[in-house]
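Whatever order the structure lists them in is the order used to number ligands and atoms, beginning at 1. Note that the numbering runs from 1 along the sequence shown for the chain.
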Amino acid sequence: MTNRELFECAMQARENSYSPYSHFMVGAALLTRDGKVYTGCNIENASYTPTICAERTAFFKAVSEGVRDFEKIAICGSPEGPLVQMATPCGVCRQVMMEFCDPDKFEIVLGAGPEQLEVYTLKQLLPMGFGPSDLEQ
Ligand code: THU
């Protein structure tokens with residue numbers, strides 16, 4: 001699966017965004033090492049704090065099905081309507097990535113459209129991150 005194809009999966013997932021409060025629609029597509037894609041969108045709530053980001057929706061769908069081996073994630077987000085800007089993952093989502101992914105290897109594909117993608121490692125977006133290995137005795 002190319003980065004472009006994965007990003008297009010994220011754009012499709014963004015269509016399901018439930019964001020009546022922020023009106024900011026986000027989609028994510030998480031690629032597993034065996035080639036499966038788990039998608040997610042942001043899901044907001046009238047009580048605000050239960051809101052979950054698109055990235056964590058995708059991760060938690062996969063992990064809840066027993067999958068923990070991830071290669072990359074594509075993310076797209078912008079105000080409702082067509083995609084017009086690049087969105088970067090929030091700090092909480094970066095920390096969730098840190099739980100399951102090797103920061104040197106896991107890739108984050110961002111862009112304002114499928115033709116203008118930028119790729120970062122998790123380490124680039126979360127330098128000196130705290131993860132499971134820090135708790136090893
Ligand atoms: N959002 C995401 O889905 N992912 C991010 O990484 C940043 C923020 C969502 C949460 C909320 O529904 C909306 O975007 C505005 O913050």
Side-chain angles (χ1 to χ4, degrees):
M1 156 135 338
T2 64
N3 286 346
R4 187 195 168 110
E5 286 167 336
L6 192 65
F7 192 84
E8 284 168 348
C9 290
M11 288 181 70
Q12 191 65 47
R14 180 174 173 268
E15 296 297 314
N16 295 326
S17 167
Y18 176 74
S19 41
Y21 307 107
S22 74
H23 303 284
F24 192 84
M25 298 171 70
V26 186
L30 178 62
L31 181 66
T32 70
R33 290 228 165 264
D34 57 8
K36 202 171 166 201
V37 176
Y38 288 85
T39 60
C41 64
N42 56 330
I43 304 170
E44 299 185 345
N45 190 280
S47 185
Y48 288 14
T49 53
T51 294
I52 188 163
C53 293
E55 299 90 322
R56 276 177 290 144
T57 302
F59 265 90
F60 295 162
K61 279 170 70 177
V63 173
S64 68
E65 293 184 21
V67 179
R68 295 182 195 161
D69 206 7
F70 305 115
E71 191 174 322
K72 60 178 81 170
I73 190 169
I75 302 161
C76 63
S78 78
E80 63 190 8
L83 195 65
V84 292
Q85 69 191 53
M86 186 175 97
T88 57
C90 81
V92 173
C93 290
R94 294 178 203 204
Q95 186 63 38
V96 167
M97 293 174 198
M98 189 73 196
E99 186 67 28
F100 298 105
C101 307
D102 181 337
D104 288 305
K105 293 189 183 141
F106 186 69
E107 290 183 333
I108 299 162
V109 179
L110 306 174
E115 270 135 40
Q116 24 185 322
L117 299 178
E118 299 179 16
V119 183
Y120 300 91
T121 63
L122 177 56
K123 193 173 199 167
Q124 285 176 295
L125 297 193
L126 189 64
M128 298 178 72
F130 183 87
S133 64
D134 292 293
L135 295 180
E136 283 166 13
Q137 308 280 346

For this session: Quick one: look up the protein heavy atom nearest atom 4 (N) of ligand 1 and list residue, atom name and how far away it is.
Result: E55 OE1, 2.8 Å
Exercise. Between C90 and ligand 1, does any nitrogen or oxygen pair lie at a separation below 3.5 Å?
Worked result: yes
For this session: Would you tell me whether N42 and S17 have side-chain atoms, one donor and one acceptor, within less than 3.5 Å of each other?
Result: yes
Problem set entry | Approximate separation, where rounding is to 0.5 Å, of M98 CE and L125 CG | 12.0 Å
Exercise. Under 3.5 Å, is there a donor-acceptor pair linking the side chains of N45 and S47?
Worked result: no
For this session: Around atom 8 (C) of ligand 1, find the nearest protein heavy atom and jot down its residue, atom name and distance.
Result: C53 SG, 3.9 Å
Exercise. Would you say G77 contacts ligand 1, with heavy atoms under 4.0 Å as the rule?
Worked result: no
Exercise. Of all the atoms in ligand 1, which lie at a distance below 4.0 Å from a heavy atom belonging to P89?
Worked result: 6 (O)
For this session: Enumerate the atoms of ligand 1 whose separation from the nearest heavy atom of E44 is less than 4.0 angstrom.
Result: 11 (C), 12 (O), 13 (C)
For this session: For atom 15 (C) of ligand 1, find the nearest protein heavy atom and state the residue, atom name and distance (0.1 Å precision).
Result: S22 OG, 3.6 Å
Exercise. Backbone or side chain, does any N or O of A54 fall under 3.5 Å from an N or O of ligand 1?
Worked result: yes
Problem set entry | Identity and distance of the protein heavy atom lying nearest atom 9 (C) of ligand 1 | N42 ND2, 3.6 Å
